[in-house]
Amino acid sequence: MDKVINFIKDKKLISVAEKIFSGERLDFDDGLKLFESNDLLSIGYLASYVNEKKNQDRVYFNVNVHITPTNICIGTCKFCAFRKDKGDEGAYELTIEKILEKLDSLNLDGVTEVHIVGGLHPDWGYEYYLEMVKRIKERYPFIQIKAFTAEEIKYIAERGGKSVEDTLKEFKEVGLSSMPGGGGEIFNPEVRSKLCPEKISAKEYLDIHKTAHRLGIKTNATMLFGHVESYRDRVEHLLMLREAQDETGGFQAFIPLAFHPINTRIEGADYTTAVDEIKTLAVSRLLLDNFDHIKAYWIMLGEKVAQLSLFYGVDDLDGTVVEEEITQAAGAKAGKYMPKERLIRLIREAGKTPVERDALYNIINVY
Ligand code: V47
């Protein structure tokens, strides 16, 4: 490893590299040094070293579709370009019949996951959401339902006058397979109150995920980056996730979400850059030593950065993603759909082995 250490240009990273090579856990200061460094190749080398120990040359991907049942939302998150009030132009709400029709209209051949998130609709009750999951599962028993952020679960539970635990138990019974990581944003309370003052706190987000884990429901975690947060906020966010994962082990993947500025209400906001995106993915790989998977969401990163990230600690590409709406509203440039063959090619040309997985990381095929 001495030879490798000689190649590290940013000498502040040497002590971090030594910890990584000796298997020692990184701390807050290490995380900050990594984010503050522009020695992207060294950070990438380290992240790749850690990833290859965990995942060898495998890169996971999935064949999935997104359904967003409504954009009407009582929340007012400033980064969200998707939300509408009832009666606004472009506001929509899908009945369960319409959701099923929409799914019927998509080519579901080989689809293993439906990803469902949407607004907090002022009129929808507990039973509506439960029925939605039940009817989708009845119609497509072969598709795993990854649905509802922690924020939505809390809202649904409140609508039904139930605890989060009872709600999750009931949703699991009717077909909920796992939960997405949306709503993580940035945990720091000051930043959170600037971005989304009405949203559940970091503690609530983590408690809901931990409750799901204890009930055998796997979840993902996210961090929305590139708006008004600092590197310190990012490190704090990642270390809070690592601590929660130490407790339950129920997180499957971490997904850094690159902020998109169009139609949002964040002053002076701009798109993230490739360097910041790649660095954030790599540092996430290094700090989250207890997460198996770091996922590049190509819808937000673009196909090219997502592919390059496979050299910087990423082992998971989500996914074929038909019908994504949230990023489209905020100025997505990447497109809406990626054929499976293209995902396989992106992974192969990075010299890695494409592994198709379902929502629970069961292996469907190795290419
Ligand atoms: O919670 C909202 C984010 C999330 C913007 O768990 C924005 O497998 C960028 O969580 N720019 C929803 N991001 C998406 C999400 C997700 C996506 C893919 C996979 C998984 C998973 C989860 O999108 C929201 C919010 O954090 N978001 N507005 C925006 N302007």
Side-chain angles (χ1 to χ4, degrees), residues 60-62 64-68 71 73 75-84 112-120 144-153 155 177-187 191-192 195-196 199-200 202 205 208-209 212 217-229 237 241 250-266 269-272 276-277 280 291 293-302 306 314 316-334 336 338 357-361:
Y60 296 86
F61 71 94
N62 60 342
N64 59 348
V65 294
H66 282 221
I67 289 284
T68 319
N71 59 358
C73 186
T76 59
C77 303
K78 290 200 172 65
F79 53 77
C80 182
F82 176 67
R83 74 161 298 281
K84 300 269 183 208
T112 52
E113 173 192 282
V114 56
H115 173 131
I116 311 173
V117 297
L120 307 176
Q144 292 166 335
I145 301 175
K146 177 181 78 177
F148 306 132
T149 62
E151 177 79 19
E152 287 171 291
I153 291 293
Y155 182 69
S177 286
S178 66
M179 276 169 59
E185 323 313 359
I186 281 282
F187 289 154
V191 180
R192 210 169 172 83
L195 292 179
C196 45
K199 208 159 210 164
I200 52 172
Y205 175 93
I208 292 167
H209 280 265
I217 302 169
K218 297 281 189 190
T219 73
N220 292 333
T222 58
M223 173 175 77
L224 179 65
F225 70 96
H227 38 87
V228 298
E229 87 292 358
H237 187 103
L241 284 173
F251 287 112
Q252 300 192 114
F254 175 69
I255 312 124
L257 300 174
F259 174 66
H260 281 56
I262 306 301
N263 299 323
T264 66
R265 288 176 298 122
I266 297 190
D270 194 2
Y271 285 99
T272 47
D276 194 28
E277 289 161 0
T280 305
F291 276 62
H293 307 289
I294 302 294
K295 193 198 271 192
Y297 186 40
W298 67 265
I299 291 269
M300 290 190 189
L301 297 169
V314 166
D316 195 359
L317 282 183
D318 183 349
T320 54
V321 194
V322 186
E323 289 283 324
E324 198 275 345
E325 317 250 15
I326 295 171
T327 327
Q328 309 306 319
K333 297 173 175 172
K336 273 186 153 181
M338 175 101 70
R357 62 163 179 86
D358 65 13
L360 299 173
Y361 287 81

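In each ligand, atom 1 is the first atom listed, and ligand 1 is the first ligand listed. Not measured: the values here are computed from a predicted model.
Remark: Asp276 pairs with Arg234 by the salt bridge (charged side-chain N to carboxylate O under 4.0 Å, His left out) rule, at least two apart or across chains. The ring-ring contact (aromatic ring centres under 6.0 Å, His included) test applied to Phe79 returns no partner, not counting sequence neighbours. Among residues two or more places apart in sequence or in another chain, the side-chain hydrogen bond (donor to acceptor under 3.5 Å, both in side chains) test is passed with Glu324 by Thr327, Gln328.
Annotation: side chain of Arg357 is not in contact with side chain of Thr112 (no heavy-atom distance under 4.5 Å). Between His66 and Glu325 there is no side-chain heavy-atom pair separated by less than 4.5 Å.
Both tests hold for Lys333 against Tyr271: distance to the six-membered ring centre under 6.0 Å, angle to the ring axis within 45°.
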For each nitrogen or oxygen atom of ligand 1, which protein N/O atoms lie closer than 3.5 Å, and how far apart are they, rounded to 0.1 Å?
unit_1: ligand 1; atom_1: 1 (O); unit_2: Gly183; atom_2: N; d: 2.9
unit_1: ligand 1; atom_1: 6 (O); unit_2: Gly181; atom_2: N; d: 2.8
unit_1: ligand 1; atom_1: 6 (O); unit_2: Asn220; atom_2: ND2; d: 3.2
unit_1: ligand 1; atom_1: 8 (O); unit_2: Lys146; atom_2: NZ; d: 2.6
unit_1: ligand 1; atom_1: 8 (O); unit_2: Asn220; atom_2: ND2; d: 2.9
unit_1: ligand 1; atom_1: 8 (O); unit_2: Lys295; atom_2: NZ; d: 2.8
unit_1: ligand 1; atom_1: 10 (O); unit_2: Gly182; atom_2: N; d: 3.3
unit_1: ligand 1; atom_1: 11 (N); unit_2: His260; atom_2: N; d: 2.8
unit_1: ligand 1; atom_1: 26 (O); unit_2: Glu185; atom_2: OE1; d: 2.5
unit_1: ligand 1; atom_1: 26 (O); unit_2: Glu185; atom_2: OE2; d: 3.4
unit_1: ligand 1; atom_1: 28 (N); unit_2: Phe79; atom_2: O; d: 3.4
unit_1: ligand 1; atom_1: 30 (N); unit_2: Phe79; atom_2: O; d: 2.8
unit_1: ligand 1; atom_1: 30 (N); unit_2: His260; atom_2: O; d: 2.8

